[in-house]
Asker: 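Structure provided below as structure tokens; questions to follow.
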2 protein chains.
Amino acid sequence: MAKRKSLKEDPCPVARCIDVVGDRWALLIIRDAFEGLRRFGEFQKSLGVAKNILSTRLRDLLHAGIMEIMPASDGSAYQEYVLTPKGRELFIVVLSLRQWGEGHLYQHGERCATLVDRKSGKTISRIELRTSDGELIALEDAVFKK
Amino acid sequence: MAKRKSLKEDPCPVARCIDVVGDRWALLIIRDAFEGLRRFGEFQKSLGVAKNILSTRLRDLLHAGIMEIMPASDGSAYQEYVLTPKGRELFIVVLSLRQWGEGHLYQHGERCATLVDRKSGKTISRIELRTSDGELIALEDAVFKK
DNA sequence: CCGTATCCATTCCGATACTG
DNA sequence: CAGTATCGGAATGGATACGG
């Protein structure tokens, strides 16, 4: 006993997410992947994580279908880790964390990277809630319907 | 040596978030709080977590300013745990996880709660990216500007 | 440079007993 | 019902050595 209960079969999708990306490193690896990191050593240096941990985390992400292996883009013999479409859809998750962190976990000053539209260069705005016909909703008005 | 490195001072806001809500239970407690749970026993029953763990997690969330103590609404002697404004702003985070999980971690069928606007009853749509002037952006076009 | 394997310390978690 | 105390086991993390 004292067996860690898996959340994979939990009826709540949030719980299932946490089972997949809810550890200390997964979302940070994914964040780095969004910033263009691909190689084992790049992740290792960026995160300062032990190599064995990184190794198992990457394997977990591969197995979860969030990342995939690609042949090295520079012709070297090694492989690179890139996000799958499923993984790229975690962008909203990472972004929402980023926005919350910027708003509540910073004193002032230190502004880090902002997000822009590649085409127009325009800043991407804070995530908001809308109804299906585009109407803005306040956080307080969002309720769950069983 | 072998000292767990704190992410509190990390320059990246995502990392700081993970330091605060990146464990196995915090976001699930917060999720439950959004669904109206307030009492120690309610959380405990919903999560199936050991009481000592729940106790420390709630204390951490109080200390992080994400939840706060309120006198019991039913006149009983006990206290209740409710989200602060800072905590409620995690709604987007929980929702983005939920949407990703629904999209990628479910086979089919089992649809869980959907989100509606309290006033109009209209369904709240999938989170999307927009520029500051309201234009929709595809995920692929969002890039970080240092 | 890319990883795997090993060893050890720390942290986390679950179960239970216990107090008020 | 609401928590605290304690214990043992599991998972995690760090450092390093090693092989491809």
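Hydrogens, waters and symmetry mates are skipped; everything else that's a heavy atom, side chains included, is used. The chains referred to below are lettered A, B, ... by the order of the sequence lines, with proteins before strands, and numbering in each begins at 1.
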Asker: Can you find a donor-acceptor pair, distance only, under 3.5 Å between B/N52 side chain and C/dG14 base?
Answerer: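 Looking at the base of C/dG14, it does pair with a donor or acceptor on the side chain of B/N52 (distance under 3.5 Å).
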Asker: Taking only N and O in the side chain of B/R24, is any of them less than 4.0 Å away from OP1 or OP2 of D/dT12?
Answerer: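 No, no such contact exists.
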Asker: Please give, in whole Å, the distance from D/dA11 C1' to A/R57 CZ?
Answerer: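 Roughly 9 Å, once rounded to whole Å.
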Asker: May I have the distance from B/L54 (atom CG) to D/dG3 (atom P), rounded to whole angstrom?
Answerer: 9 Å
Asker: Where does the angle between the aromatic ring planes of B/F91 and A/F144 fall among parallel (under 30°), tilted (30 to 60°) and perpendicular (over 60°)?
Answerer: tilted
Asker: What's the CG-C1' distance between B/L47 and D/dA2, to the nearest Å?
Answerer: 16 Å
Asker: Where the side chain of B/D23 is defined as all heavy atoms beyond and including C-beta, which of D/dG13, D/dA2, C/dC13 is the nearest nucleotide?
Answerer: C/dC13
Asker: Please determine, for the side chain of A/V49, which listed nucleotide (D/dG14, D/dG3, C/dG14) has the closest atom?
Answerer: D/dG14
Asker: Taking only side-chain N and O atoms of B/Q44, does any of them lie within less than 4.0 angstrom of OP1 or OP2 on D/dG3?
Answerer: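 Indeed not, no polar side-chain atom of B/Q44 lies that close.
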Asker: Go through the side-chain N and O atoms of B/D117 and A/T131 and say whether any donor and acceptor fall under 3.5 Å apart.
Answerer: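 No.
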Asker: May I ask you to verify if any side-chain N or O of A/Q79 is less than 4.0 angstrom from the OP1 or OP2 atom of C/dG3?
Answerer: yes
Asker: Report yes or no: is the cationic atom of B/R16 (NZ for Lys, CZ for Arg) closer than 6.0 Å to the six-membered ring centre of A/Y106, at no more than 45° off its axis?
Answerer: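 Output yes; distance and angle both within limits.
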Asker: What's the CG-P distance between B/L37 and D/dC1, to the nearest Å?
Answerer: 14 Å
Asker: In whole Å, I'd like the distance from the NZ atom of B/K51 to the P atom of D/dC1.
Answerer: 10 Å
Asker: Just the rounded figure in Å: distance from C1' of D/dT16 to CD1 of A/I53.
Answerer: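 Spelled out: CD1 on A/I53 to C1' on D/dT16 is 13 Å.
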Asker: In whole Å, what is the span from the CG atom of A/D60 to the C1' atom of C/dG3?
Answerer: 15 Å
Asker: Does A/R39 have a side-chain nitrogen or oxygen under 4.0 Å from the phosphate oxygens OP1 or OP2 of C/dC1?
Answerer: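 Indeed not, no polar side-chain atom of A/R39 lies that close.
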Asker: Is a donor-acceptor contact shorter than 3.5 angstrom present between the side chain of B/Y78 and the base of D/dC1?
Answerer: yes
Asker: How would you label the contact of A/Y81 with the nucleic acid (heavy atoms, under 4.0 Å): base, sugar-phosphate, or nothing?
Answerer: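 The residue A/Y81 makes sugar-phosphate contact but no base contact.
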Asker: Under 3.5 Å, is there a donor-acceptor pair linking the side chains of B/N52 and B/S55?
Answerer: no
Asker: With no hydrogens and no angle check, is any side-chain donor or acceptor of B/W100 less than 3.5 Å from a backbone partner on A/K86?
Answerer: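 Such a contact is found between B/W100 side chain and A/K86 backbone.
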Asker: Rounded to whole Å, how long is the line connecting atom CG of A/L58 with atom P of C/dC1?
Answerer: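 Rounded to whole Å, this separation is 17 Å.
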